[in-house]
Amino acid sequence: MDSIPFWCVGGRKRRTPRLESCLSQLRRAGLEIERMAEPPSAGYCVALLDEEACRTGVPIGFDLPAPGARLLGVLVGSAPPPEAEWALLTRGLSDCLLWSEPRTVAKQIVVRLERWREVDQLLASPLVRRHLVGDSPPWIRVLRQVIELACFTDSPALVTGQTGTGKELVARLIHTLDRRPDKKELILVDCTTIVPELSGSEFFGHERGAFTGAVAPREGAFALADRGTLFLDEVGELSPPLQAGLLRAVEERAYRRVGGNEWRTTEFRLICATHRDLREPPALRPFRRDLYYRIAAWQIHLPSLVERRADIPALVDHFLRGVFDEPPPLDPAVRDLLLAREYPGNVRDLRQLVLQIAKRHVGPGPITVGEVPEEERPATDEPSPPWTDDGFRQALHRAVQLRVTLKEIGQRATETAVDLAMREEQGNVGRAAARLGVTPRTLQHRRAARRARP
């Protein structure tokens with residue numbers, strides 16, 4: 001592969017003899033290394049960390065890689081405690097390797113980065129981008145999981161998420177990316193429409209005369225999905241008796257038609273989806289634990305639209321392109337409305353609103369506020385209350401009474417504002433910085449300076 005970008009992290013000292021020695025050993029083991037002064041804004045990078053860096057949480061910027069960048073950490077020296085490795089993942093690393101024999105580490109690095117590069121090439125392909133739109137960090141993480149699941153495993157998958165988050169689209173993408181050479185069709189079963197009395201026929205098929213009205217034999221979903229993919233949508237809505245009937249067929253890939261005695265076999269990839277938490281207490285809505293563990297070998301949770309608001313402009317453009325050859329621009333007030341609105345129905349809710357607006361648009365020029373349905377327009381009767389309310393004054397009054405210095409008041413107010421902005425933007429530094437009117441680098445420095453204080 002091409003030369004591998006390396007970033008050396010030496011605690012308080014960016015370059016230490018030990019790190020330089022490790023780099024030299026990796027070069028002798030066959031790695032072509034390109035030194036970097038800081039993590040990349042895209043692509044991947046190997047971060048070589050010494051013991052001090054692991055112990056102290058590493059220096060400025062480490063836990064704030066650009067969205068989409070992937071960092072592979074190589075931890076040099078004695079093995080850190082397990083909690084340190086988990087902490088490094090939360091601070092920006094995508095994975096950690098422990099230093100061992102240089103050739104072993106070199107091979108580990110190469111195969112790991114080759115996998116990442118293959119995943120990201122598929123991630124950038126039109127096949128993925130035109131169907132599952134978005135570039136926010138939560139959405140990119142999901143798409144990478146989907147690609148790894150589809151291309152490099154044959155595991156059954158459970159896709160969870162609120163209604164309207166795109167569970168069926170994800171199931172279709174998994175089937176499309178599946179690399180089985182003899183792959184056949186995707187068979188979709190909506191479990192909310194299964195009638196208990198006919199469930200056996202729906203899933204397993206029936207023989208002629210098996211019941212009143214069975215005038216001819218019929219194939220069920222398990223037979224139709226042979227050498228393809230079986231997608232059980234809203235699997236959590238199945239009644240306990242139906243769950244019991246599915247258990248053996250899912251585990252052994254064997255079934256009998258209703259009214260038949262012959263055991264038949266089928267091979268398929270199983271994907272299930274639900275908006276529920278299937279692990280909730282059985283008293284609330286029972287779901288068999290043994291069936292759950294068979295369908296949830298790989299779990300993918302889709303974020304709500306609130307968790308990926310940064311994707312709204314791209315989604316709006318995508319939906320408009322389904323109506324117009326050249327999408328018209330949005331009036332700033334319309335754009336702000338679409339960005340700020342709540343979407344209880346998630347992406348499906350956004351799509352319906354955008355289509356409503358698009359169908360009302362006439363003539364050239366931008367989409368204007370008058371083309372937004374009246375029931376969707378924001379209320380403007382009452383001005384929003386000032387943010388410096390009584391609660392703010394009371395907090396300052398208490399600080400003054402306690403003789404807190406003006407410097408400390410400003411420092412604590414800034415730290416609190418940064419924490420709140422990061423929480424509002426789900427950890428996205430760029431959006432949090434924009435909300436506070438500073439640059440992302442300024443925000444990174446403020447957070448790093450706070451961590452450095454005793």
Side-chain angles (χ1 to χ4, degrees), residues 149-150 153-160 163 167-276 278-279 282 285-300:
L149 165 69
T153 81
D154 59 0
S155 298
L158 177 64
V159 185
T160 62
T163 299
K167 296 187 288 294
E168 183 178 334
L169 289 176
V170 165
R172 291 185 181 279
L173 180 62
I174 293 171
H175 175 72
T176 301
L177 295 176
D178 191 315
R179 293 178 171 178
R180 285 174 290 173
D182 58 347
K183 178 181 64 181
K184 291 195 173 180
E185 296 180 20
L186 170 72
I187 303 300
L188 189 153
V189 178
D190 184 350
C191 296
T192 63
T193 65
I194 298 292
V195 179
E197 294 77 13
L198 299 177
S199 61
S201 176
E202 289 289 336
F203 286 120
F204 310 124
H206 61 250
E207 301 289 358
R208 179 182 177 184
F211 50 83
T212 302
V215 296
R218 175 180 185 264
E219 299 281 24
F222 276 65
L224 296 173
D226 189 25
R227 290 191 290 169
T229 302
L230 178 60
F231 175 44
L232 303 181
D233 195 14
E234 293 302 345
V235 69
E237 304 310 306
L238 291 176
S239 65
L242 293 185
Q243 296 173 31
L246 284 179
L247 185 59
R248 181 169 185 174
V250 167
E251 182 175 14
E252 300 181 6
R253 298 296 197 264
Y255 66 95
R256 289 187 298 185
R257 285 178 171 178
V258 176
N261 296 317
E262 177 187 356
W263 282 99
R264 300 167 182 264
T265 60
T266 179
E267 284 297 328
F268 54 82
R269 178 170 216 154
L270 180 64
I271 305 173
C272 298
T274 179
H275 70 282
R276 290 180 43 209
L278 300 184
R279 298 165 297 180
R285 188 180 291 182
F287 193 87
R288 293 181 65 110
R289 291 301 176 94
D290 46 5
L291 180 57
Y292 171 80
Y293 290 118
R294 283 165 176 78
I295 67 175
W298 191 301
Q299 297 184 53
I300 295 176

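For reference, positions follow the sequence shown, starting with 1.
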Do the side chain of [X] and the main chain of [Y] share a donor and acceptor less than 3.5 angstrom apart?
X: Asp226; Y: Glu267; answer: yes
X: His175; Y: Lys184; answer: yes
X: Thr266; Y: Phe222; answer: yes
X: Arg276; Y: Gly236; answer: yes
X: Glu202; Y: Ala221; answer: no

For [X] versus [Y], what's the shortest heavy-atom pair and its separation?
X: Asp190; Y: Thr192; value: OD1-OG1, 2.6 Å
X: Arg279; Y: Tyr292; value: CD-OH, 3.2 Å
X: Thr176; Y: Lys183; value: O-NZ, 3.1 Å
X: Ala171; Y: Ile271; value: O-CD1, 3.8 Å
X: Ser155; Y: Trp298; value: CB-CB, 4.3 Å
X: Phe231; Y: Cys272; value: CE1-C, 4.2 Å

Let me confirm one number: the [atom1]-[atom2] distance from [X] to [Y], rounded to the nearest 0.5 Å.
X: Phe287; Y: Gln243; atom1: CZ; atom2: CD; answer: 4.5 Å
X: Arg288; Y: Tyr293; atom1: CZ; atom2: OH; answer: 13.5 Å
X: Asp178; Y: Leu149; atom1: CG; atom2: CG; answer: 9.0 Å
X: Arg256; Y: Arg264; atom1: CZ; atom2: CZ; answer: 12.0 Å
X: Asp290; Y: Ile295; atom1: CG; atom2: CD1; answer: 10.5 Å

Can you find a pair of side-chain heavy atoms, one from [X] and one from [Y], that are under 4.5 Å apart?
X: Arg172; Y: Leu186; result: yes
X: Leu158; Y: Leu278; result: yes
X: Leu232; Y: Phe203; result: yes
X: Ile174; Y: Arg269; result: yes

Inset, instruction - Name all residues meeting the ring-ring contact (aromatic ring centres under 6.0 Å, His included) criterion together with Tyr255; count only those two or more places apart in sequence or in a different chain, and write none if there are none. - result: none
Could you tabulate the donor-acceptor pairs under 3.5 Å formed by side-chain atoms of residues 247-254, not counting sequence neighbours?
unit_1: Arg248; atom_1: NE; unit_2: Glu252; atom_2: OE1; d: 3.0
unit_1: Glu251; atom_1: OE1; unit_2: Arg294; atom_2: NE; d: 3.2
unit_1: Glu251; atom_1: OE1; unit_2: Arg294; atom_2: NH2; d: 3.3
unit_1: Glu251; atom_1: OE2; unit_2: Arg294; atom_2: NH2; d: 3.1
unit_1: Arg253; atom_1: NH1; unit_2: Val250; atom_2: O; d: 2.3
unit_1: Arg253; atom_1: NH2; unit_2: Phe268; atom_2: O; d: 3.1

Legend entry - Over 12 non-hydrogen atoms of neighbours within 6.0 angstrom of CG in Asn261: no
Inset, instruction - May I have all residue pairs that pass salt bridge (Lys or Arg N to Asp or Glu O under 4.0 Å) and include part of residues 232-246, sequence neighbours excluded? - result: Glu237-Arg285
